[in-house]
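In what follows, a structure is listed as structure tokens, so that the remarks can point back to it.
Protein chains get the first letters and strands the later ones, always in sequence-line order, with residue 1 at the start of each.
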Amino acid sequence: MASNQSDLKKSIMDTKTLPTLPNVIHKLNSLSDSDSSSVQEMAKIVSSDQVLSARILRLANSPSYGFHRVSTISNAMILLGVNVVKSLALSSSIIAMMEHDSIGLWEHSLGVGSAANLIAHRLKLPECEEIATAGLLHDIGKVIIKLKCSDVDKEIQLRVTTRQIYSLEAEREVLDTDHAEIGGWLAKSWFLPDKLSEPISFHHDVEKSCNNRVKTAVIHLADVLIKSSGFGDSGDDFVPSLQNIAWDILKLDKQLLDELVYELEDKLIEVKNFSFEMLSN
Amino acid sequence: MQKIPLSFAKSGMILARDVFRGDTPVGMPVCGKGSELTNALITRFEQMDVKSITVEGHPVWEEGDRSLNDYLRELDNRFAKTIQEPHNAVLHCVYKEYLIKAMEGYSGQQPE
Ligand SMILES: [Fe+2]
Ligand SMILES: [Fe+2]
């Protein structure tokens with residue numbers, strides 16, 4: 001590694017070499033949400049891609065979403081709505097990038113997706129599925145670091161293990177940026193909506209979120225819970241601080257946490273089985 | 001709760017999760033959580049190709065299984081950097097109580 005911090009940062013943030021989304025996803029995103037002719041159009045687009053259809057259906061039935069009744073794409077459109085199917089298509093494409101060579105991170109992400117969904121339902125928040133999607137994608141910046149600079153990724157891991165620091169700190173030392181900023185940047189370059197890009201950018205600093213603080217707080221809490229549980233591997237073994245602002249926004253107290261943890265641990269058994277099944281396929 | 005192979009199932013154990021035909025949630029549900037196992041039920045599961053079940057407590061100990069103390073030590077390690085902070089202290093307590101509850105009352109040693 002001859003390059004210095006800012007060169008590395010530049011090369012990671014270079015849009016020309018960012019992974020691209022499959023064309024179908026762009027086609028889907030260009031369709032309007034309400035128009036009923038676009039629903040049929042969308043079903044046609046998705047169904048034309050066998051691999052994507054299969055992935056969407058598997059993900060729809062994953063513990064992060066848990067729609068057990070979904071068995072066909074058109075069924076999914078009717079039951080879940082166009083927006084949810086768009087989210088599913090997006091996450092399934094991104095997850096494909098980490099599923100096989102970052103198993104620990106993939107399990108961490110699935111866990112955070114499930115936890116976020118559970119918290120959102122428990123607090124009766126709107127757009128639970130979008131929140132689950134944000135949870136699945138929150139650490140996408142780590143995937144980018146690994147994909148683009150595997151040397152840097154190794155250096156970060158080395159610093160984490162030798163000095164027992166958070167991977168977030170190691171990233172900042174090595175790259176002068178971190179996975180949250182990189183992920184947010186990626187989300188913007190993919191034109192993802194604010195409700196996804198803000199939780200990705202600010203899940204380690206909830207206060208910075210302007211338009212989607214509640215969603216960001218949910219993802220922050222979901223991440224902290226999964227780290228507390230020791231489920232999966234996001235790069236280090238330490239529980240981050242549960243931020244005051246998230247505690248207040250979500251009106252947390254011990255009893256609520258008791259209930260959430262009990263439900264979450266129950267669900268994580270399913271998540272583990274699901275991840276195992278997906279990997280053995 | 002603990003997931004065990006069906007061959008380790010004994011009557012008297014309590015199901016902690018629903019059991020499905022062929023072990024997959026897409027299969028037909030066969031028995032609901034909370035049910036107490038009987039020999040007849042176990043034989044039925046065998047016939048329905050159920051390979052593993054999840055039961056209350058932690059009835060089966062194998063070499064290499066972690067004890068409650070191991071789990072609590074790992075929990076403390078994970079919280080090493082943040083246990084001083086009030087919100088994290090609450091969360092640590094929540095998890096500690098959860099682990100104790102989940103591991104207790106497994107082998108019938110526990111009074112009613
Ligand atoms: Fe993160
Ligand atoms: Fe994370």
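At a 4.5 Å heavy-atom cutoff, L256(A) makes no contact with chain B through either its backbone or its side chain. The parts of L225(A) that come within reach of chain B are both its backbone and its side chain, each placing non-hydrogen atoms under 4.5 angstrom from that chain. In this structure, the portions of D266(A) lying under 4.5 Å from any heavy atom of chain B include both its backbone and its side chain. Looking at N244(A), the atoms closer than 4.5 Å to chain B (heavy atoms on both sides) sit in the backbone and in the side chain alike.
Counting heavy-atom pairs under 4.5 Å between each of D253(A), D237(A), D236(A) and chain B puts D237(A) at the top.
Under a cut-off of 6.0 angstrom, the local environment of NZ in K96(B) is sparse, with at most 12 non-hydrogen atoms contributed by other residues, nucleotides or ligands. Counting heavy-atom neighbours within 6.0 Å of K33(B) NZ, excluding the residue itself, gives a total of 12 or less. Taking a 6.0 Å sphere around OH of Y262(A), one finds it holds 12 or fewer heavy atoms contributed by other residues, nucleotides or ligands.
Side chains of L91(B) and L257(A) form a contact here, defined as non-hydrogen atoms less than 4.5 Å apart. K3(B) has its side chain out of reach of K272(A): every pair of non-hydrogen atoms, C-beta onward, lies at least 4.5 Å apart.
In this structure, OG on S229(A) lies 11.0 Å from CD on E74(B), to the nearest 0.5 angstrom.
In summary, K254(A) and E97(B) engage in a salt bridge, as defined by a charged side-chain N under 4.0 Å from a carboxylate O.
A donor-acceptor contact shorter than 3.5 Å links the side chain of R78(B) to the backbone of S228(A).
Classified by interplanar angle (parallel below 30°, tilted 30° to 60°, perpendicular above 60°), the ring pair W247(A)/H87(B) is parallel.
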